[in-house]
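Residue numbers start at 1 and run along the sequence shown.
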Amino acid sequence: MKQKTPNKLKILNDPIYGFIQIPNSLIFDIIEHPYFQRLRRITQMGFSNLVYPGANHTRFHHAIGCIHLMQKAIQVLRFKQVAISNEEENALLIAILLHDIGHGAFSHALEHSIVNGISHEEISLKFMHQLNKEFNGQLSLAIEIFEGKNKRNFLYQLISSQLDIDRLDYLKRDSFYTGVTEGNISSDRLIAMMNVKNDELVIEQKGIYSVEKFLIARRLMYWQVYLHKTGLVAENMLVNVLKRAKELADKGEVLFCSAALKYFLYNKITSENFTLETLDLFSKLDDYDILSAIKEWINHKDKVLSLLSKMIVDRKLLKIEMQKKPFKKEFLDDKYKEVTSSLGILKEESSFFVFTQKITNQAYNYNKPVLILSKKGKLKDIAKASDQLNLEALTKPVIKHFICYPK
């Protein structure tokens with residue numbers, strides 16, 4: 001009997017966009033690859049579900065949403081006589097599908113603790129190059145566009161800019177799953193208004209108010225969701241747990257963990273020694289490894305590790321204070337003394353429970369402008385084209401300082 005070939009033109013049902021079509025068998029096979037399937041086990045928003053209980057969606061959801069929006073953008077641009085070949089279309093879909101593939105468990109926490117010698121963008125590229133080998137060079141153009149090396153600049157801007165497909169999906173998706181309606185942008189309207197002029201991705205003048213709403217929505221989502229104080233505390237506590245575990249591993253302490261997590265705890269990882277074996281182990285490391293380890297570390301003899309782990313698991317987080325100016329050294333020193341005394345730990349260990357940092361949010365960056373195409377064919381920066389006075393204010397970075405310490 002002749003063996004049937006599986007139907008690879010699958011349809012996925014997304015709660016935001018409805019049915020999403022997988023466009024071809026190559027993209028289906030990339031989605032089916034273990035490297036990509038790992039994204040099902042990595043939350044899009046880290047510990048934001050400790051603030052917004054519905055925020056349990058994954059990077060897999062986001063990547064699939066991005067491919068859907070990219071298909072729409074290509075359709076719109078072709079309708080407006082922008083030449084995009086079938087090869088370029090496929091490369092754009094693959095590049096946006098894989099743009100986040102290098103993210104570690106709990107997104108950014110790993111980068112600031114145990115895998116801090118290499119960025120997630122570099123790891124994404126390593127995954128892409130390895131997949132390119134496995135798929136006989138069919139990802140070469142996608143990699144070229146992803147790296148910004150293609151001569152057609154607007155292709156890169158669809159992947160990475162201030163109004164790219166990535167942002168159009170994550171704002172709408174994160175708004176949906178958190179229930180924070182301020183982030184609910186009209187991605188359909190923004191895509192419908194896209195065009196290309198002088199090889200630059202632009203928005204037609206009719207879409208100016210949609211862009212204004214998009215920029216303001218992004219600012220509100222950053223302060224209300226991405227930089228929410230409880231989320232900040234939880235993520236920094238996770239970073240400190242992993243840092244402490246790494247310290248103990250360096251001293252030869254035995255720690256309960258999966259084989260993948262063990263490799264990254266007991267080895268110093270840099271971009272130079274990030275081999276194919278490292279990449280393979282990284283592809284097996286996800287949120288489940290981190291959570292199962294933390295649950296066990298509650299019982300570890302090291303007081304710092306066990307206390308921090310228990311606080312995260314039980315959601316008994318540190319207190320956080322936020323202000324515009326840096327915190328005074330005297331205030332910080334007093335907190336160190338209090339913690340050393342109350343928890344019975346060494347002075348040098350108190351920095352795991354008392355720490356200060358600053359956060360910056362710039363809703364709009366002049367250096368990578370969103371260009372508005374007037375009816376006369378002229379290009380203008382949105383900040384100048386808009387009659388909204390507050391868009392100028394969005395260009396100024398807002399800096400806030402915060403301190404965390406036990407309640």
For the pair Arg173 and Asp14, evaluate salt bridge (charged side-chain N to carboxylate O under 4.0 Å, His left out) and give the outcome as yes or no after the intermediate values. CA-CA 10 Å; Arg173 190 166 298 277; Asp14 183 75; 3.0 Å; yes
With a 4.5 Å limit on heavy-atom distance, are the side chains of [X] and [Y] in contact?
| X | Y | answer |
| --- | --- | --- |
| His300 | Leu248 | yes |
| Leu255 | Leu261 | no |
| Met194 | Leu158 | yes |
| Lys243 | Asn240 | yes |
| Phe402 | Asn236 | yes |
| Ile123 | Leu279 | yes |
| Met128 | Tyr35 | no |
| Leu285 | Leu110 | yes |

Go through the side-chain N and O atoms of [X] and [Y] and say whether any donor and acceptor fall under 3.5 Å apart.
| X | Y | result |
| --- | --- | --- |
| Asn361 | Tyr226 | no |
| Asn132 | Ser140 | yes |
| His57 | Asp174 | yes |
| Asp280 | Tyr263 | no |
| Ser306 | Ser309 | no |

For the [atom1] atom of [X] and the [atom2] atom of [Y], what is their distance to the nearest 0.5 Å?
| X | Y | atom1 | atom2 | result |
| --- | --- | --- | --- | --- |
| Ile74 | Met70 | CD1 | CE | 6.0 Å |
| Leu227 | Met322 | CG | CE | 7.5 Å |
| Thr58 | Arg38 | OG1 | CZ | 11.5 Å |
| Asn13 | Phe19 | CG | CZ | 4.5 Å |
| Asp287 | Thr43 | CG | OG1 | 4.0 Å |
| Ser210 | Leu215 | OG | CG | 11.0 Å |

Taking atom [atom1] as the centre, does [X] end up with more than 12 heavy-atom neighbours from other residues, nucleotides or ligands that are less than 6.0 angstrom away?
| X | atom1 | value |
| --- | --- | --- |
| Lys328 | NZ | no |
| Gln75 | CD | no |
| Phe331 | CZ | yes |
| Lys262 | NZ | no |
| Lys213 | NZ | yes |

Step-by-step ring-ring contact (aromatic ring centres under 6.0 Å, His included) determination, Tyr177 to Tyr52: CA-CA 8 Å; Tyr177 281 100; Tyr52 301 102; over 10 Å; no
Just do the side-chain contact (heavy atoms from CB on, under 4.5 Å) check on His62 and Met45 with the steps written out, would you? CA-CA 11 Å; His62 169 55; Met45 297 179 66; over 6 Å; no
Side chain [X], main chain [Y], donor-acceptor under 3.5 Å:
| X | Y | answer |
| --- | --- | --- |
| Lys303 | Leu343 | yes |
| Glu296 | Phe256 | no |
| Gln323 | Lys325 | yes |
| Gln362 | Thr395 | yes |
| Lys10 | Phe28 | no |
| Lys337 | Leu332 | no |
| Arg218 | Leu171 | no |
| Ser341 | Glu338 | no |
| Ser124 | Gly102 | yes |
| Asn273 | Thr270 | yes |

side-chain contact (heavy atoms from CB on, under 4.5 Å) between Ile165 and Leu92, worked out: CA-CA 10 Å; Ile165 297 300; Leu92 280 171; over 6 Å; no
Parallel, tilted or perpendicular: which fits the ring planes of Phe282 and Phe127, with parallel below 30° and perpendicular above 60°?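 Rings of Phe282 and Phe127: tilted, 30 to 60°.
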Where does the angle between the aromatic ring planes of Phe106 and Phe47 fall among parallel (under 30°), tilted (30 to 60°) and perpendicular (over 60°)? tilted
Passes salt bridge (charged side-chain N to carboxylate O under 4.0 Å, His left out), Lys197 versus Glu200? Steps please. CA-CA 5 Å; Lys197 172 93 175 179; Glu200 296 281 329; over 6 Å; no
Testing the basics here: between [X] and [Y], what is the closest heavy-atom pair and its distance to 0.1 Å?
| X | Y | answer |
| --- | --- | --- |
| Ala383 | Tyr364 | CB-CE2, 3.9 Å |
| Glu87 | Leu141 | O-CD2, 3.7 Å |
| Gln21 | Gln71 | O-OE1, 3.4 Å |
| Phe264 | Leu281 | CE1-C, 3.9 Å |
| Ile345 | Thr340 | O-CG2, 2.9 Å |
| His99 | Cys66 | CE1-SG, 3.7 Å |

In sequence, state the C-alpha distance, the side-chain angles, and the governing distance for Leu242 and Ile290, and then conclude on side-chain contact (heavy atoms from CB on, under 4.5 Å). CA-CA 9 Å; Leu242 294 171; Ile290 304 296; 4.1 Å; yes
Going through the distances and angles, do Ser175 and Asn184 end up as a side-chain hydrogen bond (donor to acceptor under 3.5 Å, both in side chains)? CA-CA 6 Å; Ser175 165; Asn184 188 14; 5.0 Å; no
Kindly state whether the ring of Tyr405 and the ring of Tyr336 have centres lying under 6.0 angstrom apart. no
If the test is salt bridge (Lys or Arg N to Asp or Glu O under 4.0 Å), which one of Lys375, Lys380, Lys80 qualifies with Glu204?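 Going through the options one by one, the only one that passes is Lys80.
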Would Leu265 and Cys257 satisfy side-chain contact (heavy atoms from CB on, under 4.5 Å), going step by step from the backbone distance to the final call? CA-CA 9 Å; Leu265 281 177; Cys257 51; 4.1 Å; yes
